[in-house]
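First listed ligand is number 1; within each ligand, the first listed atom is number 1. All values below come from the heavy atoms of this structure, side chains included, with hydrogens, waters and symmetry mates left out. The structure displayed is predicted, hence computed values, not measured ones.
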Amino acid sequence: MTEAGAIPPVLLVGCGRMGSALWRGWQAQGLSPSVVVDPTPADLAPPHVKVGDAGQVPAGFRPAIIVLAVKPQMAERVLPAILPFTNDAVVLSIMAGRTIDGLAALLGNTAVVRAMPNTPAAIGRGVTVACAGPGVQLAQRELCDRLLAAAGTTAWVDDEALLDAVTAVSGSGPAYVFLLAELLEAAAIEQGLPAPLARTLARLTVSGSGALLDASPDEDAGSLRRAVTSPGGTTESALGVLMADVAWPASIRAAIEAATQRSQALAR
Ligand SMILES: NC(=O)c1ccc[n+]([C@@H]2O[C@H](COP(=O)([O-])OP(=O)(O)OC[C@H]3O[C@@H](n4cnc5c(N)ncnc54)[C@H](OP(=O)(O)O)[C@@H]3O)[C@@H](O)[C@H]2O)c1
């Protein structure tokens, strides 16, 4: 029997970067005996059973939720093997580009929720946007939200098509921020700073600014930017370059558009 407050039994399929980050969050909340399917799972603490293949899940296991965290190209291989466990379970997929309709076609009448997390989930600071497919009950949606919230903040959309833009902004977004740190570091070295100092300045400027943004819920990013910008000063000189129409405004818009279109093209 599920103990009060514990997360009900989970069948987690795929325990790599994302799956293990989620799992650790669930364990911190109290997780009923659950099963992990992964040929090389991360080192996880009990209570759970680890198997290398979905065909090896104990036949009597009755998960309340099946979380799909394998690479999208594994779906055709994995889904037939989990069908025997879908009876009363909701399927929560975080696979990029695998649509609710596409999954439902492989899973029959199973209730499907699709979600797009991002890598800060690894430290409980992710943001995930989810969309519920037809037939998902309120309690199932709440369970999905609880599991996703273990890795950070959650939001829901009714229109699945919006997940393409979500993928472009927050799913891929950490890469853009890490690129900023890389470019700042390289530019600092070009200006003569020693490489270790350049690295420290770039990393702490990006992470510290993110933390300041996070600690300032009543201020928008623009006002925090303006607070660093004195008329005629150094920041204004740099922003004159970055904020020129052909610079960041155009390239960020084009980048998000390219990623959104790629997400649309990959959807199946
Ligand atoms: N990383 C991101 O930024 C991000 C963001 C949003 C969504 N996602 C989605 O999250 C999903 C997982 O991404 P990830 O970054 O966590 O990938 P990952 O680290 O490669 O994790 C996938 C795991 O699945 C395992 N696996 C392979 N074949 C399997 C099978 N037949 N049955 C069960 N497990 C199997 C892999 O094992 P092996 O390594 O041994 O093959 C690996 O441990 C993907 O669908 C991705 O689209 C990722």
Side-chain angles (χ1 to χ4, degrees), residues 10-26 34-44 48-58 61 63 65-86 89 91-100 102-103 106-107 112-131 144 147-157 160 162-179 255-256 259-260 262-268:
V10 178
L11 174 56
L12 172 64
V13 187
C15 192
R17 274 181 299 268
M18 279 294 170
S20 61
L22 287 165
W23 180 275
R24 276 191 290 274
W26 305 335
S34 293
V35 174
V36 172
V37 182
D38 193 304
T40 53
D43 192 20
L44 303 167
H48 66 282
V49 175
K50 282 190 261 191
V51 296
D53 186 89
Q56 299 165 335
V57 176
F61 183 55
I65 181 163
I66 301 172
V67 180
L68 301 175
V70 286
K71 292 289 190 196
Q73 59 271 25
M74 298 304 296
E76 277 74 14
R77 173 147 165 219
V78 161
L79 295 189
I82 64 157
L83 267 178
F85 304 96
T86 55
V91 169
L92 169 60
S93 167
I94 65 164
M95 292 184 291
R98 301 303 305 228
T99 63
I100 292 171
L103 293 172
L106 295 165
L107 287 168
V112 175
V113 169
R114 180 180 165 199
M116 174 50 58
N118 65 1
T119 53
I123 55 165
R125 297 290 304 271
V127 59
T128 303
V129 180
C131 180
C144 291
L147 264 63
L148 294 169
T153 302
T154 61
W156 289 76
V157 290
E160 187 184 3
L162 295 177
L163 290 183
D164 294 313
V166 167
T167 302
V169 174
S170 57
S172 303
Y176 319 149
V177 178
F178 300 138
L179 174 64
I256 297 301
T260 303
R262 185 69 185 140
S263 177
Q264 289 164 347
L266 290 174
R268 65 199 154 111

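- Panel note: side chain Ser34, backbone Leu11; no donor-acceptor pair is recorded below 3.5 Å.
- Distance alone, capped at 3.5 Å, places no donor-acceptor pair between the Ser172 side chain and the Ala168 backbone.
- At least one donor-acceptor pair under 3.5 Å links the side chain of Thr260 to the backbone N or O of Ile256.
- Within the 3.5 Å criterion, the main-chain N or O of Pro120 finds no donor-acceptor partner in the side chain of Arg125.
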request  = Test Arg98 against Arg268 for side chain to side chain contact (heavy atoms under 4.5 Å, CB included), laying out the working first.
outcome  = CA-CA 5 Å; Arg98 301 303 305 228; Arg268 65 199 154 111; 3.0 Å; yes

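- Protein residues with a heavy atom under 4.0 Å from ligand 1 are Val13, Gly14, Cys15, Gly16, Arg17, Met18, Val37, Asp38, Pro39, Thr40, Ala69, Val70, Lys71, Pro72, Met74, Val78, Ile94, Met95, Ala96, Met116, Pro117, Thr119.
- Under the rule for a side-chain hydrogen bond (donor to acceptor under 3.5 Å, both in side chains), the partners of Thr154 that lie at least two apart in sequence or sit in another chain are Asp145.
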